Every structure is written in C-alpha cells, then in structure tokens.
Amino acid sequence: MKKIALTSLLIFITSLSYSQKIKFKNDKVLADDKELFKTERTGVFGANGFIFIPLNSNKPLFSLIANNGGTHMHLDDDYTQIKFLTIGQKAEIRGGNLKEAIKLLLKNEIIKDDGTLDEAKIDLFIKNYDENISERTVITR
C-alpha cells in the first residue's frame, strides 16, 4: 500500500513540474508570465493558428495550426499541425489545443527558455509524436 501511495505521489509531483501557464496576450506568447514569442495569426476556415517569431528577430521559427477536421461540432477528430519553418519539417498531434501543443514543445525541450528552438531535438520529437493525421484523414469543407 505504501508503494502505491509513494508512486502516485511521485507521478503527481512530476506532472506538476511541466505544468506551465501559457497565455496569448497582445500578439505575444507568455510562459509563466515571461514573454517567449511574437505571434501572427494564420489559417483558413476550420484551421486557425499562429506563426511564432522570436522577440529579437522577424524570422518565423514555427507555426501551430489547430485543425477541426472539417467537423466543428465533433472534437474527437481535431488535431494540431506543428510546422518547424526553419528546417521544413512538420508533426501532427491529436487535439486542437494550441496551449497544450506549446507545453508539449516545452516539455520536450524543443523550445528553449530564451525563445529559440533546439533544432537537434526536433527529429526525435517528430519520431515520437507525429501521427500523420492529414495523410489518413479526408477533410471536407
């Protein structure tokens, strides 16, 4: 019984260490109230998102696009497309929550504390998380 309680406590504490507060405010992204990126809105009907730009540059790093799969009333087919613009690669993950996608990038140390990308870790991220949703889904608009 003590082992179960201890294991549960460790899992809870570990999950708290990655729970960062993400906000979109005044065309900026804030993580724990620290500015990380400037943003520009992008997308079309059913697929909206942001392009993320470093605070000290105008060169876009990546984009996140929340796609509703052509069914705005059904959430189970929503996904987020992450395009790494500096290296021309992309990943698609389930769910249309852009804040959760940013948290996933922070957890996997793709986004550094200074608002840059660790390009050496992107390939492993894509291997671990990319679900190629758009290649196996028919989207009608």
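In this text, all values refer to a predicted model and were calculated from it rather than measured experimentally.
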Inset, instruction - Decide if atom NZ of K38 counts as having more than 12 heavy atoms of other residues, nucleotides or ligands within a radius under 6.0 Å. - result: yes

Legend entry - N26 atom CG, over 12 foreign heavy atoms within 6.0 Å: no

Inset, instruction - Give the minimum heavy-atom separation between G96 and A66, together with the two atoms involved. - result: O-CB, 3.4 Å

Legend entry - Partners passing side-chain hydrogen bond (donor to acceptor under 3.5 Å, both in side chains) against D27 (at least two apart in sequence or in another chain): none

Inset, instruction - Kindly give the heavy-atom pair with the smallest separation between I22 and A31, and that separation in Å. - result: CD1-CB, 3.8 Å

Inset, instruction - Evaluate the side-chain proximity of I102 to Q20: yes if any heavy-atom separation is below 4.5 Å, no if none is. - result: no

Inset, instruction - State the NZ-NZ distance between K34 and K23, to the nearest 0.5 angstrom. - result: 15.5 Å

Legend entry - Any side-chain heavy-atom pair of L85 and I51 under 4.5 Å: yes

Legend entry - Side-chain donor-acceptor pair present, E119, T86, cut-off under 3.5 Å: yes

Legend entry - I122 side chain reached by F62 side chain, heavy atoms, under 4.5 Å: no

Inset, instruction - Could you check whether the rings of F37 and F52 sit parallel, tilted or perpendicular, using 30° and 60° as the cut-offs? - result: perpendicular

Inset, instruction - Kindly work out whether a path of hydrophobic side-chain contacts (I/L/V/M/F/W/Y, heavy atoms less than 4.5 Å apart) joins L30 to L36. - result: no

Inset, instruction - Taking all non-hydrogen atoms of both residues into account, name the closest pair between L61 and G115 and its distance. - result: CD1-O, 3.5 Å

Inset, instruction - Answer yes or no: is there a side-chain heavy-atom contact under 4.5 Å between E40 and I53? - result: yes

Legend entry - Worked check of salt bridge (Lys or Arg N to Asp or Glu O under 4.0 Å) between D130 and K90: CA-CA 8 Å; D130 185 26; K90 69 175 183 168; over 6 Å; no

Inset, instruction - Look at the side chain of N97 and the backbone N and O of E100, then say whether any donor-acceptor pair between them is shorter than 3.5 Å. - result: yes

Legend entry - From E35 atom CD to L55 atom CG, the distance as rounded to the nearest 0.5 Å: 5.5 Å

Legend entry - Rounded distance [0.5 Å steps], CZ in F125 versus NZ in K107: 10.5 Å

Inset, instruction - Taking the side chain as every heavy atom from C-beta outward, state whether I110 and F84 have any atom pair closer than 4.5 Å. - result: yes

Inset, instruction - Check the pair Y129, N108 against side-chain contact (heavy atoms from CB on, under 4.5 Å), reporting the backbone distance first and the verdict last. - result: CA-CA 11 Å; Y129 292 100; N108 286 279; 3.4 Å; yes

Legend entry - Gap separating the CD1 atom of I93 from the CG atom of N128, nearest 0.5 angstrom: 12.5 Å

Inset, instruction - Working to the nearest 0.5 Å, report the span between CG of N67 and OG1 of T80. - result: 8.5 Å

Legend entry - Atom pair OG (S134) and CD (E92), whose distance is rounded to the nearest 0.5 Å: 3.5 Å

Legend entry - Y79 with I65, same ILVMFWY side-chain cluster at under 4.5 Å: no

Inset, instruction - Please tell me if the side chains of D114 and K112 come closer than 4.5 Å, counting only heavy atoms from C-beta onward. - result: yes

Legend entry - L98-L106 co-clustered via ILVMFWY side chain contacts under 4.5 Å: yes

Legend entry - Transitive ILVMFWY side-chain link L64 to I87, under 4.5 Å: yes

Legend entry - pair I111-L117: side-chain heavy atoms closer than 4.5 Å: yes

Inset, instruction - For residues I133 and R94, determine if any side-chain heavy atom of one lies less than 4.5 Å from a side-chain heavy atom of the other. - result: yes

